[in-house]
Participant: 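Below is the structure I would like to discuss, written out as structure tokens.
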Amino acid sequence: MTLFDDLRDCCRPNVPLAPLTWFHLGGPARWLIEPRDEPQLITVLHRAREAGLPVRFLGLGANVLVRDAGVDGAVIRLAAPAFQQLEWTTDGARVGAGVHLTKLVRACVHAGRAGLEVIAGIPGTVGGGIRMNCGGRFGQMSDSIRRVRLIDRDGRVVERRRDELGFGYRKSQLGDAMVVSAEIELRPTDSRALVERFKEIWLAKSRSQPALEQQSAGCIFKNPDPQRFAGRLIDECGLKGRRIGAAEVSPIHANFIVAHPGGRAADVIALIEHVEEQVYSRTGVRLEREVEVW
Ligand SMILES: Cc1cc2nc3c(=O)[nH]c(=O)nc-3n(C[C@H](O)[C@H](O)[C@H](O)COP(=O)(O)OP(=O)(O)OC[C@H]3O[C@@H](n4cnc5c(N)ncnc54)[C@H](O)[C@@H]3O)c2cc1C
């Protein structure tokens, strides 16, 4: 009898994670868990806690690099229909944490509801976007968050307002809780003007980075401060185009590392460490990672 024998519909052992991340690299999860709904998520969390099994949450894997050895624990994904709802309210929307950001942003733009267009072109899910407070020079996810519904590791449901979530530059303070849904604030606006604004932001983003289809995790490092960009520092150290194995510092945007076909997560990790060392020895700046290495 194994830990999740009676939950085989949602818990699968030894599942490769590479196809579930944007980098398309790394080994399997000891357990991949895709709960049907909130009660089943709570059951799984209780079971993992009792067994002392480490748990991680995965969205679209757009900010995660999984090591070649994989994850010796449970990885939970909110891929089931129960976590994909999008329901309009008078001044916003209620969305499930598994909803893809690109789909949500487009739906808001086409409905003439402004706010989330500032994150156009950023891949991920609502849960991962909140956790990372994703964004860029046009704005960030937290600007549109009113309230978040969370389930903590003990299976307790809690609701938090935006000002209780500790949002900052590419961070939040959710503790060890999983986002299951969120209430978003949106402003009704002229839909044609909003479509134009969306296109402008989307184009600006796609021109400044490698193609979305390339294997990457977006920016590898946080900017040391608002005036000092990590990409510029890496570029000034002459590291654009630097390669280790199949991993390359993008010639288009120095804060992106792209993995070419046939690579391993170890190549990317070695290149991240190389960039960290080079930037520190040449500029004295210790770069902080934005990407999570699992
Ligand atoms: C081509 C490309 C461009 C990018 N551009 C940008 C950009 O401009 N700005 C930017 O900020 N980011 C950017 N990123 C990074 C990425 O898109 C964001 O960090 C995004 O928020 C990740 O969402 P995700 O669902 O894929 O999260 P994942 O990568 O799956 O997970 C990221 C973190 O969120 C946690 N998490 C996931 N789901 C949940 C949940 N339901 N509850 C609690 N925690 C959860 C994970 O445990 C992990 O800690 C880019 C990535 C790529 C590949």
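Order of listing sets the numbers, starting from 1, for every ligand and every atom in it.
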Participant: At what distance, to the nearest 0.5 angstrom, does CE of M132 lie from CZ of F167?
Facilitator: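 If I round to the nearest 0.5 Å, the distance is 12.0 Å.
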
Participant: Nearest to atom 41 (N) of ligand 1, what protein heavy atom do you find, and at what distance?
Facilitator: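 So the nearest neighbour among protein heavy atoms is V179 O, 3.1 Å.
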
Participant: Would you say G121 and ligand 1 have an N/O pair spaced under 3.5 Å apart?
Facilitator: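 Among all N and O atoms of G121, none is under 3.5 Å from an N or O of ligand 1.
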
Participant: Any idea which of V55, L60, V148 brings a heavy atom closest to atom 24 (P) of ligand 1?
Facilitator: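 Answer by nearest heavy atom: L60.
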
Participant: T125 versus ligand 1: do any nitrogen or oxygen atoms come within less than 3.5 Å of each other?
Facilitator: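 There is such a contact, yes.
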
Participant: Would you say L78 has any N or O atom under 3.5 Å from an N or O of ligand 1, going by distance alone?
Facilitator: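 No, no N or O pair falls under 3.5 Å.
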
Participant: Looking at atom 23 (O) of ligand 1, what's its closest protein heavy atom, distance included?
Facilitator: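 Heavy-atom neighbour on the protein nearest atom 23 (O) of ligand 1: G124 CA, 3.5 Å.
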
Participant: Judged by non-hydrogen atoms, does M141 sit under 4.0 Å from ligand 1?
Facilitator: no

Participant: Would C134 and L101 count as a side chain to side chain contact (heavy atoms under 4.5 Å, CB included) here? Give the steps.
Facilitator: CA-CA 10 Å; C134 67; L101 292 174; 3.9 Å; yes

Participant: Output the distance between atom CZ (R56) and atom CG (L17), rounded to the nearest 0.5 Å.
Facilitator: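 That separation rounds to 10.5 Å.
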
Participant: Quick one: look at I119 and ligand 1, take heavy-atom pairs under 4.0 Å, and tell me if it's side chain, backbone, both or neither.
Facilitator: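 It is neither; nothing of I119 touches ligand 1.
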
Participant: With a 4.0 Å cut-off, would you call R289 and E276 a salt bridge?
Facilitator: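 Here R289 pairs with E276 in a salt bridge, since their nearest N and O are under 4.0 Å apart.
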
Participant: To which protein heavy atom is atom 38 (N) of ligand 1 closest, and what is the distance rounded to 0.1 Å?
Facilitator: G128 N, 3.4 Å

Participant: Do me a favour and list the nearest non-hydrogen protein atom to atom 47 (O) of ligand 1 with residue, atom name and distance?
Facilitator: F57 O, 2.6 Å

Participant: Applying a heavy-atom cut-off of 4.0 Å, say which part of W294 lies close to ligand 1: side chain, backbone, both or neither.
Facilitator: side chain

Participant: What I'd like to find out is whether the side chain of D154 reaches to under 4.5 Å of the side chain of L45, using heavy atoms alone.
Facilitator: no

Participant: Would M132 count as being in polar contact with ligand 1, using the rule that some N or O on each side must be under 3.5 angstrom apart?
Facilitator: no

Participant: Would G129 count as a contact residue for ligand 1, given that I'm defining contact as a non-hydrogen atom of the residue lying under 4.0 Å from a ligand atom?
Facilitator: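 Yes, that is the case, since the closest heavy atom of the residue is under 4.0 Å from the ligand.
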
Participant: For atom 22 (C) of ligand 1, which candidate among C134, G127, P123 provides the closest heavy atom?
Facilitator: P123

Participant: In terms of atom number and element, which parts of ligand 1 are under 4.0 angstrom from non-hydrogen atoms of E292?
Facilitator: 33 (C), 48 (C), 49 (O)

Participant: Evaluate K205 for polar contact with ligand 1, using N/O atom pairs at a separation under 3.5 Å.
Facilitator: yes

Participant: State whether the shortest distance between N or O atoms of L101 and N or O atoms of ligand 1 falls below 3.5 angstrom.
Facilitator: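 N/O-N/O distance under 3.5 Å: no.
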
Participant: State the atoms of ligand 1, each with its element, that fall below the 4.0 Å cut-off from a heavy-atom position in G61.
Facilitator: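 Answer for ligand 1: 26 (O), 28 (P), 29 (O), 30 (O).
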
Participant: Could you name the option among C219, G135, A217 that has the heavy atom nearest to atom 11 (O) of ligand 1?
Facilitator: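 The residue whose heavy atom sits nearest atom 11 (O) of ligand 1 is G135.
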
Participant: Do L165 and S142 have side-chain heavy atoms sitting under 4.5 Å apart?
Facilitator: no

Participant: Of all the heavy atoms in F83, does at least one lie under 4.0 Å from an atom in ligand 1?
Facilitator: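 Flag not set, F83 not near ligand 1.
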
Participant: Checking a contact table here: which protein heavy atom is nearest atom 52 (C) of ligand 1, and how many Å away?
Facilitator: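 Checked against all protein heavy atoms, atom 52 (C) of ligand 1 sits closest to G218 N, 3.3 Å.
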
Participant: Dump the intermediate steps for side chain to side chain contact (heavy atoms under 4.5 Å, CB included) on L58 and W294, then the final yes or no.
Facilitator: CA-CA 11 Å; L58 183 65; W294 285 9; 3.9 Å; yes

Participant: Thinking salt bridges, do R47 and E50 make one under a 4.0 Å N-O criterion?
Facilitator: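 Result for this pair is no, no salt bridge flagged.
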
Participant: Could you find the nearest protein heavy atom to atom 29 (O) of ligand 1 and give me its residue, atom name and distance?
Facilitator: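 Heavy-atom neighbour on the protein nearest atom 29 (O) of ligand 1: N63 N, 2.8 Å.
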
Participant: Check whether any side-chain heavy atom of L53 sits under 4.5 Å from a side-chain heavy atom of F4, and report yes or no.
Facilitator: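 L53 vs F4: side chains touch.
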
Participant: Can you find an N/O atom of S216 closer than 3.5 Å to an N/O atom of ligand 1?
Facilitator: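 No - when backbone and side-chain N and O of S216 are compared with those of ligand 1, no distance drops under 3.5 Å.
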
Participant: How many angstroms lie between CD in Q278 and CD1 in I234, if you round to the nearest 0.5 Å?
Facilitator: 11.5 Å

Participant: Evaluate F221 against L233 for side chain to side chain contact (heavy atoms under 4.5 Å, CB included), listing each step before the verdict.
Facilitator: CA-CA 11 Å; F221 302 103; L233 282 174; over 6 Å; no

Participant: Could you find the nearest protein heavy atom to atom 31 (O) of ligand 1 and give me its residue, atom name and distance?
Facilitator: V64 CG2, 3.7 Å

Participant: Considering only heavy atoms of L212, which atoms of ligand 1 have at least one such atom less than 4.0 Å away?
Facilitator: 1 (C)

Participant: Does ligand 1 have any atom sitting under 4.0 Å from a heavy atom of G98?
Facilitator: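 No; G98 lies far enough from ligand 1 that no heavy-atom distance drops under 4.0 Å.
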
Participant: Using distance alone, decide if ligand 1 has a nitrogen or oxygen within less than 3.5 Å of any nitrogen or oxygen in Q209.
Facilitator: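 Not met; the criterion fails.
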
Participant: Quick one: pull up CZ in R131 and NZ in K171 and give me the separation to the nearest 0.5 Å.
Facilitator: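 If I round to the nearest 0.5 Å, the distance is 11.5 Å.
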
Participant: Do V95 and L104 touch side chain to side chain, with heavy atoms closer than 4.5 Å?
Facilitator: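 SC-SC contact between V95 and L104 confirmed.
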
Participant: Rest of the hydrophobic cluster containing L212 (Ile/Leu/Val/Met/Phe/Trp/Tyr, side-chain heavy atoms under 4.5 Å)?
Facilitator: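 Once heavy-atom contacts under 4.5 Å are chained together, L212 belongs with W22, L60.
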
Participant: Counting only heavy atoms, which portion of A177 has something under 4.0 Å from ligand 1: side chain, backbone, both, or neither?
Facilitator: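 Looking at A177 and ligand 1, just backbone atoms fall under 4.0 Å.
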
Participant: Do D267 and R264 sit within salt-bridge range, that is, some charged N less than 4.0 Å from a carboxylate O?
Facilitator: yes

Participant: Numbering the atoms of ligand 1 from 1, which are under 4.0 Å from a heavy atom of R170?
Facilitator: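 Close to R170: 11 (O).
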
Participant: Heavy atoms only: which of I122, V75, D176 lies closest to atom 13 (C) of ligand 1?
Facilitator: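 Ranked by closest heavy atom to atom 13 (C) of ligand 1, first place is I122.
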
Participant: Report the residues that fulfil ring pair (Phe, Tyr, Trp, His ring centres under 6.0 Å) with H24, sequence neighbours left out, ordered by chain and then residue number.
Facilitator: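 H24 satisfies ring pair (Phe, Tyr, Trp, His ring centres under 6.0 Å) with no other residue.
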
Participant: So for ligand 1, is G59 a polar contact partner (N or O within less than 3.5 Å, distance only)?
Facilitator: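 Right, the criterion is met.
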
Participant: Would you call R56 a ligand 1 contact, heavy-atom distance under 4.0 Å?
Facilitator: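 Per 4.0 Å heavy-atom rule, R56 does not contact ligand 1.
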
Participant: To the nearest 0.5 Å, tell me how far E248 CD sits from L271 CG.
Facilitator: 9.0 Å

Participant: Please list the nearest protein heavy atom to atom 26 (O) of ligand 1 with its residue and the distance rounded to 0.1 Å.
Facilitator: A62 N, 2.9 Å

Participant: Which value, rounded to the nearest 0.5 Å, describes the distance between S191 atom OG and F198 atom CZ?
Facilitator: 12.0 Å

Participant: Quick one: does I122's side chain get under 4.5 Å of M141's, heavy atoms only?
Facilitator: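 The answer is no, as the side chains (C-beta and beyond) never meet within the 4.5 Å cut-off.
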
